[in-house]
Amino acid sequence: INANFSPYYDKRGEVEGVVVVLQDITEQKKLDDMRKEFVANVSHELRTPLTTVKSYTETLLDGAMEDAEIAQEFLGIINSEADRMAFLVRDLLQLTRFDNKQVRLDITKIEMNEFLSMTVRQNKIHAEAKHQTLTFEPYEHEVVVFGDRDRVGQVVNNIVTNAIKYSLEQASIRIFITEEEQFYKIHVKDTGMGITREDLPRIFERFYRVDKARSRAMGGTGLGLAIAKEIMESHGGKLTAESEYGKGTTMIMWFPKERPILEYEREEQKA
Ligand code: ADP
């Protein structure tokens, strides 16, 4: 709490009373702390690959270049660390556009049975590489949602990639559709490692990872689900998760059945 005192005077200039202004700064403080934590995270995530790039470059300049095989190996490492930084910057820029409300969606009708069959075909090879099964069970009737194909594809790919990444060999990943009141729900259910009750609500936070080292080693920026959530909300939907530790996780994309009025459309109507 912030307190401000100022006296006020009567006609003769004598103090008649005091005005006290009390301000609740807890919300402000929370936002401030979050911003600071975010900047600290970004700095750390960029510094790690930069340190690696720098040390391999120095070693090459110090003579390692003479050995073609070593040079090849080091350049490969430098290249993949540069990729990691590029992915991070790409994700950060996308989040910034959502924060600044600069995202415009190219909304069209998407028939989900067809869209998901296609997405599954594209991802099958990644699942098969880990001896996992990835299946889509088409819904009993047409499922038309209103979305930006590229962005919706990004969400589905992110969730399916996570299901593959965070499940061991032989796991199965099932995609199916249900409906609940005014929403279609797309479920991606895996039989992977699962997420504890404490971690579950936090996986949508920027840079939150249950296992940092593991996620980084697999090329994750820790921003994927935060972006996926922004995308679903910008479509008038939402993204939720259910999980049982050690058993598996289900990610659920919710799409309104009716074409939603998007936030920026509402703003523009008002103006
Ligand atoms: P990352 O780049 O680390 O994959 P995400 O934002 O996509 O970042 O996911 C955040 C964290 O949520 C992951 O690091 C992982 O710990 C957890 N997670 C996401 N999907 C799953 C899943 N299907 N099973 C278990 N854990 C998951």
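For ligands, and for the atoms within them, numbers begin at 1 and follow the listed sequence. Numbers here simply count residues along the sequence, with the first being 1.
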Report task. Please determine if Lys238 and Glu233 form a salt bridge, counting it only when a charged side-chain N lies under 4.0 Å from a carboxylate O. Result -> no
Report task. Could you list the atoms of ligand 1 found under 4.0 angstrom from a heavy atom of Ile195? Result -> 25 (C), 26 (N), 27 (C)
Query raised in the report: Angle class for the Trp254/Phe183 ring planes (parallel below 30°, perpendicular above 60°, tilted otherwise)?
Result: perpendicular
Requested in this report: Report the part of Lys165 (side chain from C-beta onward, or backbone N, CA, C, O) that has a heavy atom under 4.0 Å from ligand 1; answer both or neither where that applies.
Outcome: side chain
Query raised in the report: Out of Gly194, Ser215, Gly220, whose heavy atom is nearest to atom 3 (O) of ligand 1?
Result: Ser215
Query raised in the report: Any idea which part of Asp199 is under 4.0 Å from ligand 1, heavy-atom wise: side chain, backbone, both or neither?
Result: neither
Requested in this report: Determine, using heavy atoms of Gly222 and all atoms of ligand 1, whether some pair is separated by less than 4.0 Å.
Outcome: yes
**Report entry** Option nearest atom 15 (C) of ligand 1 (shortest heavy-atom distance, choices Tyr245, Phe207, Tyr208, Tyr166)
**Finding:** Tyr166
Report task. May I ask you to decide whether Arg206 forms a salt bridge with Glu230, counting only side-chain N to carboxylate O separations under 4.0 Å? Result -> yes
Query raised in the report: Within a reach of under 6.0 Å around CD1 of Ile77, are more than 12 heavy atoms found that belong to other residues, nucleotides or ligands?
Result: yes
**Report entry** Nearest-0.5 Å distance, CZ of residue Arg84 to CD of residue Glu45
**Finding:** 8.0 Å
Query - Distance from atom 23 (N) of ligand 1 to nearest protein heavy atom, with residue and atom - result: Asp190 OD2, 2.8 Å
Report summary line: A student checking ligand 1 against Arg209 at a 4.0 Å heavy-atom cut-off should list atoms 3 (O), 14 (O)
Query - Selection from Thr250, Ile164, Thr249 by shortest heavy-atom distance to atom 24 (N) of ligand 1 - result: Thr249
**Report entry** Pair Lys185 + Glu179: basic N to acidic O under 4.0 Å
**Finding:** no
Report task. Show your working on side-chain hydrogen bond (donor to acceptor under 3.5 Å, both in side chains) between Glu81 and Asn79 and close with a plain yes or no. Result -> CA-CA 5 Å; Glu81 292 299 309; Asn79 192 39; over 6 Å; no
Query raised in the report: With a cut-off of 4.0 Å, which atoms of ligand 1 are near a heavy atom of Thr221?
Result: 2 (O)
**Report entry** Those atoms of ligand 1 less than 4.0 Å from some heavy atom in Ile203
**Finding:** 10 (C), 12 (O)
**Report entry** Minimum heavy-atom distance between Asn113 and His141, given as atom pair plus value
**Finding:** ND2-O, 3.1 Å
Requested in this report: Measure the distances from the heavy atoms of Met218 to every atom of ligand 1 and state whether one is below 4.0 angstrom.
Outcome: no
Requested in this report: List the steps and the verdict of side-chain hydrogen bond (donor to acceptor under 3.5 Å, both in side chains) for Thr161 and His126.
Outcome: CA-CA 8 Å; Thr161 307; His126 304 298; over 6 Å; no
Query - Distance from atom 20 (N) of ligand 1 to nearest protein heavy atom, with residue and atom - result: Asn162 CB, 3.4 Å
Query raised in the report: Are Tyr184 and Phe255 an aromatic pair by the rule of ring centers under 6.0 Å?
Result: no
Requested in this report: Please state which part of Leu225 comes within less than 4.0 Å of ligand 1, counting heavy atoms only: side chain, backbone, both or neither.
Outcome: both
Query raised in the report: Which residue holds the protein heavy atom closest to atom 16 (O) of ligand 1, what is that atom called, and what is the gap in Å?
Result: Val210 N, 3.1 Å
